[in-house]
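Below is one structure, written out as structure tokens; the observations come after it.
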There are 2 protein chains.
Amino acid sequence: MIKKPELSIIPLGGRGEIGNNMMLIEYNNEILILDCGIMFPTEDMLGIDLVMPDISYLIKNKDRIKAMLISHGHEDHIGAIPYFLREISNIPIYGTKLTIGMIKKKLEENRLLKEAKLREISAGEEISLNPFQIKFVKVNHSIPDAVAMGIKTPSGTIVYTGDFKFDQTPINEEPTDFNGLTKLGEEGVLALLSDSTNAEHKGYSISERVVEENINGIFEKAKGRIIVATFSSHLDRLQQIINAAYKTGRKIAISGRSMIANTKIAKELGYLNFPDDMLVEIRKANNLSDHKIVYMMTGSQGETMASLTRIARGDHRQINLHKGDTVLLSATPIPGNERSVGETINKLFEKGAKVIYGRELDVHVSGHAYQEELKMMINMIKPKYFVPVHGEYRHLYHHSILAQEVGIPEENIFIAKNGSRLNVSEDKAYFASSISTGKVLIDGTGIGDVGNIVLRDRRILSEHGIIIVVVTIESKTGRVLAGPDIISRGFVYMKESQELIEEAKSRLTKALDECQEKNITDWSTLKTKIKDPLRDFIYNETRRNPMIMPIIMEVPNK
Amino acid sequence: MIKKPELSIIPLGGRGEIGNNMMLIEYNNEILILDCGIMFPTEDMLGIDLVMPDISYLIKNKDRIKAMLISHGHEDHIGAIPYFLREISNIPIYGTKLTIGMIKKKLEENRLLKEAKLREISAGEEISLNPFQIKFVKVNHSIPDAVAMGIKTPSGTIVYTGDFKFDQTPINEEPTDFNGLTKLGEEGVLALLSDSTNAEHKGYSISERVVEENINGIFEKAKGRIIVATFSSHLDRLQQIINAAYKTGRKIAISGRSMIANTKIAKELGYLNFPDDMLVEIRKANNLSDHKIVYMMTGSQGETMASLTRIARGDHRQINLHKGDTVLLSATPIPGNERSVGETINKLFEKGAKVIYGRELDVHVSGHAYQEELKMMINMIKPKYFVPVHGEYRHLYHHSILAQEVGIPEENIFIAKNGSRLNVSEDKAYFASSISTGKVLIDGTGIGDVGNIVLRDRRILSEHGIIIVVVTIESKTGRVLAGPDIISRGFVYMKESQELIEEAKSRLTKALDECQEKNITDWSTLKTKIKDPLRDFIYNETRRNPMIMPIIMEVPNK
């Protein structure tokens with residue numbers, strides 16, 4: 001009996017974290033890449049701009065890559081494409097119309113559009129990329145044109161949900177293609193890879209239609225200006241705002257780079273509908289009567305440079321808040337952002353605005369399925385194996401419990417770590433040897449493997465500051481010509497700090513004199529003789545551990 | 001007509017922030033201090049241990065201070081007492097039995113107990129501190145022995161609620177003394193200062209009794225070890241855990257400094273009840289059968305050094321998690337801590353524990369009143385003026401809306417900033433001239449006015465790192481004897497970094513040569529000539545702005 005080739009599922013990111021989504025499907029030495037996203041840095045990644053999965057494995061095996069398939073246009077699914085293409089060019093990228101539109105803009109900004117091979121597909125379509133057949137099935141999410149994928153191989157079918165929810169009354173698009181999903185289930189599915197983001201939440205997610213009603217109510221009541229902050233990719237929400245503005249005779253002014261960009265792409269591709277004369281420049285908007293304008297902008301997460309945050313701080317160049325303004329935060333804080341969002345809200349209140357942010361009524365609903373929808377997905381797909389994806393460990397865990405509740409045996413459920421290789425077949429599924437993977441931290445203009453040392457240093461610097469000791473010595477004799485001088489940055493100044501510094505200097509001078517007597521001239525020993533006593537002294541006096549950096553300048557003897 | 005002395009309300013902290021509570025009541029040149037708390041540092045206060053209000057005004061006017069009254073034993077109400085007493089000694093401090101017990105412990109640790117004047121009062125008691133009469137009224141909170149205060153003066157009465165909720169079925173203590181509150185209302189109240197923490201939340205807070213039922217259910221179901229993390233000051237919750245342990249035949253082992261300390265004080269003063277032989281040392285506990293032990297510990301906020309966090313990381317010296325353990329997080333994340341709590345939960349799941357943290361059932365309820373209770377307080381006290389306290393601006397704002405809903409006219413509601421002086425009398429209330437105030441950031445062993453410069457430096461260091469340029473020059477001639485050497489810490493190393501450093505060095509050498517030709521020897525100019533070109537160069541190459549520190553060592557001519 002000919003042994004069938006192994007069908008492998010390998011997550012490179014998105015497991016044990018929210019973001020960084022990248023999944024590999026390997027069959028018979030051919031690789032399909034599902035999604036290519038970034039992750040935003042966490043608090044401890046000081047000074048890092050963004051994070052992406054480590055693609056060394058793909059670089060090594062680039063001749064085996066068949067294609068990249070993208071489920072939808074969010075940053076945590078397309079954000080790493082430019083960095084990917086800089087390392088591995090010539091890979092065809094498949095996505096729906098809006099998704100390709102957003103990828104195009106990103107590649108344009110990075111001057112990579114010319115060489116890119118972008119292929120537009122439609123939900124409902126099936127394509128052939130031997131040995132893979134891929135069926136795209138429409139799902140709802142917080143951005144239009146999202147698809148799930150059924151990836152068929154001779155060894156079996158894998159279904160990847162992408163990000164999804166079930167909305168029975170969506171805005172501006174069709175509900176999920178349930179028929180497409182059940183048909184895949186009927187044909188037999190080996191493994192289901194499903195979105196775990198909201199696996200902790202009971203019941204069903206709420207429809208966008210509810211938000212629409214509430215937004216309309218707010219627009220009808222507001223007598224003055226309205227300012228709305230939301231996710232610039234949430235086109236359904238933007239459409240609701242535009243509709244409410246239209247109904248109440250208001251023009252729209254947009255602020256914020258990504259809001260302006262996304263609105264433009266979406267309108268060009270037909271995903272946003274509004275008469276052209278509804279859109280006005282901010283300068284013009286500022287001259288209209290208060291009840292005739294709504295501003296749409298970024299800043300729903302309290303991001304430092306985003307429009308709403310700048311308005312709250314009072315340093316937005318064009319928009320100043322005044323009493324009578326209504327501010328609508330049509331988003332909830334992403335975990336980790338609660339404090340910055342709270343501060344923005346406080347400042348907006350202090351400026352006299354009426355701020356609506358989800359306490360009194362739903363002005364935002366999630367784009368990810370809740371527990372009952374997740375169970376429904378499993379019941380429609382009826383997989384043999386279940387692999388929860390897109391979540392931190394606790395989300396994956398809760399999702400695995402749901403799968404058991406609907407009858408998937410515990411031994412058929414796999415919580416995979418990034419880099420693990422899960423081989424699946426009719427008879428069995430098991431973890432084979434992992435591939436090496438990790439995160440790449442991107443800082444500044446290019447990919448810097450910023451690495452742990454730099455981060456660790458920044459951490460020490462941020463908490464305790466730095467003390468620099470500089471001394472100039474004569475080359476052969478080790479005689480001290482200048483210094484030791486002590487300079488600090490970020491190190492606490494207490495009332496007695498001048499005395500502290502003087503005391504430290506005199507101890508160092510003594511230590512250096514001893515070194516000269518013993519004829520110690522090698523830098524390594526000298527630095528230790530400076531560092532150790534100084535560190536103990538500082539700690540005893542202040543209970544702090546600043547970074548201590550001894551610098552020795554050597555002047556050659558005349 | 002003799003003009004009555006002004007009655008002033010002056011918040012020093014706790015307004016526009018959660019924490020740092022300190023309120024002054026001034027009448028006829030005498031000052032009463034209500035509460036003396038700290039605040040925990042926010043993310044941007046790098047390396048700071050804790051924050052307290054600026055008490056310069058009190059230091060200047062210390063002879064006018066009559067007494068300090070403490071509402072309850074939480075850190076944000078007693079945490080600054082040691083620092084206060086170091087500056088202003090000899091002030092009598094009044095509190096209930098448990099509150100005084102916790103203050104005693106704090107002063108003991110700081111070697112200030114001997115000189116302190118601690119005065120124990122009981123709820124229901126009225127004391128005379130001419131010209132003030134103070135009535136203490138019992139309220140419920142998330143720590144026992146909390147009181148509200150009615151402060152009576154010839155000019156009128158001010159009621160300060162402290163932190164409160166209404167719990168009709170509290171654990172181990174009486175419900176709020178509603179009669180005491182309505183009596184104050186009957187006698188006539190000029191101004192009410194009320195707890196705004198949960199002013200955004202509709203309805204009523206939930207009773208501790210609900211949590212008790214859920215905890216009992218969890219203890220009955222768990223077959224293995226149970227680990228509970230909660231606030232060490234939440235004595236009611238500790239009692240519920242102890243009761244549940246007793247019912248299910250489990251011994252208790254405690255881990256975490258504050259948990260051990262508070263349990264000891266509480267038992268000594270009679271606020272926790274359990275047979276002495278229920279408590280065992282962790283070492284002994286580890287030898288008992290799994291179903292016979294519960295560990296009670298700190299770490300419910302994911303604090304780095306707390307017990308549960310260390311267990312999750314795997315570096316707790318005495319306790320290792322294994323499959324079959326149940327971990328109960330009987331607390332919700334304080335705003336700002338969501339991420340660290342989430343990470344702890346993830347790690348606990350990964351270690352195989354079953355983690356219960358409030359998703360499926362209520363295992364924590366708030367200690368602060370919700371909207372209906374806040375309205376009820378106003379209806380019982382019936383004040384003329386209303387001053388929302390204990391909250392960020394948005395909480396104070398929402399609380400002021402509630403006050404209007406129950407009939408307080410908008411012009412009688414005052415949202416005071418820290419340092420403002422609100423004068424109240426029968427005829428009028430108005431803001432008089434403020435006093436200067438602020439926050440003091442405490443870092444290390446003593447009060448350091450850490451100040452903005454140090455924090456700003458730490459911020460730059462944390463995001464971009466530091467580049468140090470050292471050069472040794474000859475005193476009079478300015479001739480370069482050694483260097484320029486470039487050393488960096490926390491600065492990104494990209495593939496081309498070595499070339500970058502070399503290029504920077506050569507540019508600096510050129511700049512320094514020019515300085516020597518032009519006979520520039522003053523340090524200030526030299527440093528600028530080093531800093532500016534280097535900063536531009538680094539930014540152009542990397543888009544980063546590290547701190548640049550030029551250090552010039554001068555060697556005298558021979």
Side-chain angles (χ1 to χ4, degrees), chain A residues 16 42-43 46-47 200-202 335-336 338-339 342 345-347 349-350 355 359 392-394 397-398 443-448 450-451 454 457-459 461-466 468 470-472 481-483 485 487 489-495 541-544 547 549 551 553-555 558, chain B residues 16 42-43 46-47 200-202 335-336 338-339 342 345-347 349-350 355 359 392-394 397-398 443-451 454 457-459 461-466 468 470-472 481-483 485 487 489-494 541-544 547 549 551 553-555 558:
Chain A
T42 49
E43 270 159 34
L46 297 165
E200 291 169 317
H201 294 271
K202 290 189 178 39
E338 293 84 353
R339 185 151 276 281
I345 294 173
N346 285 331
K347 292 196 189 111
F349 269 124
E350 284 187 63
V355 190
R359 289 291 180 183
E392 293 175 23
Y393 196 90
R394 65 186 191 276
Y397 172 84
H398 280 290
D443 185 318
T445 49
I447 298 183
V450 172
V454 172
D457 282 351
R458 284 185 187 170
R459 212 163 288 144
L461 290 170
S462 75
E463 303 249 324
H464 302 264
I466 184 171
I468 301 157
V470 202
V471 61
T472 303
L481 295 176
D485 281 337
I487 304 141
R489 285 288 181 275
F491 180 61
V492 158
Y493 284 102
M494 300 186 296
K495 296 177 202 158
E541 293 297 309
T542 69
R543 290 272 171 274
R544 307 309 288 175
M547 180 181 288
M549 186 187 282
I551 301 178
M553 304 291 284
E554 242 182 66
V555 172
K558 290 206 184 229
Chain B
T42 48
E43 272 160 31
L46 297 165
E200 291 170 319
H201 294 272
K202 288 190 180 39
E338 293 86 353
R339 186 152 275 282
I345 295 173
N346 284 333
K347 293 195 188 113
F349 268 125
E350 284 187 61
V355 190
R359 289 289 179 181
E392 294 175 24
Y393 195 89
R394 65 186 191 275
Y397 172 84
H398 280 291
D443 185 317
T445 49
I447 296 183
D449 195 347
V450 172
V454 173
D457 283 352
R458 284 185 188 171
R459 213 163 289 141
L461 290 170
S462 74
E463 304 248 324
H464 302 265
I466 183 171
I468 302 156
V470 201
V471 61
T472 304
L481 296 176
D485 280 337
I487 304 139
R489 283 288 181 275
F491 180 60
V492 158
Y493 285 103
M494 297 186 302
E541 294 297 311
T542 69
R543 291 274 173 272
R544 307 310 288 176
M547 180 181 288
M549 186 187 280
I551 300 176
M553 304 288 284
E554 242 182 67
V555 171
K558 293 216 173 198

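Order of the sequence lines fixes the chain letters, A, B, ..., with proteins taken first and strands second; residue numbering starts at 1 for each chain. In this text, all values refer to a predicted model and were calculated from it rather than measured experimentally.
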Problem - Rounded distance (nearest 0.5 Å) linking atom OH of Tyr393(B) with atom CZ of Phe349(A) - result: 9.0 Å
Exercise for the section: Quick one: which of Gly342(A), Gly465(A), Gly483(A) has the most heavy-atom pairs under 4.5 Å with chain B, could you say? Expected result: Gly342(A)
Problem - Contact leader toward chain A among Glu392(B), Lys347(B), Met553(B), where contacts are heavy-atom pairs under 4.5 Å - result: Met553(B)
Problem - Separation of Arg489(A) CZ from Leu461(A) CG (nearest 0.5 Å) - result: 12.5 Å
Handout entry: Spatial distance of atom CD1 (Ile466(B)) from atom CD1 (Ile468(A)) [nearest 0.5 Å]
Key = 4.5 Å
Handout entry: Any Ile551(B) side-chain heavy atom under 4.5 Å of Ile487(A) side chain
Key = yes
Practice task
Output the option from Ile345(B), Asn346(B), Thr472(B) having the highest count of non-hydrogen pairs under 4.5 Å with chain A.
Solution key: Asn346(B)
Exercise for the section: Go through His201(B), Met549(B), Met547(B) and name the one with the most non-hydrogen pairs under 4.5 angstrom from chain A. Expected result: Met549(B)
Practice task
Could you tell me which portion of Glu554(B) (side chain, backbone, both or neither) has an atom closer than 4.5 angstrom to a non-hydrogen atom of chain A?
Solution key: backbone
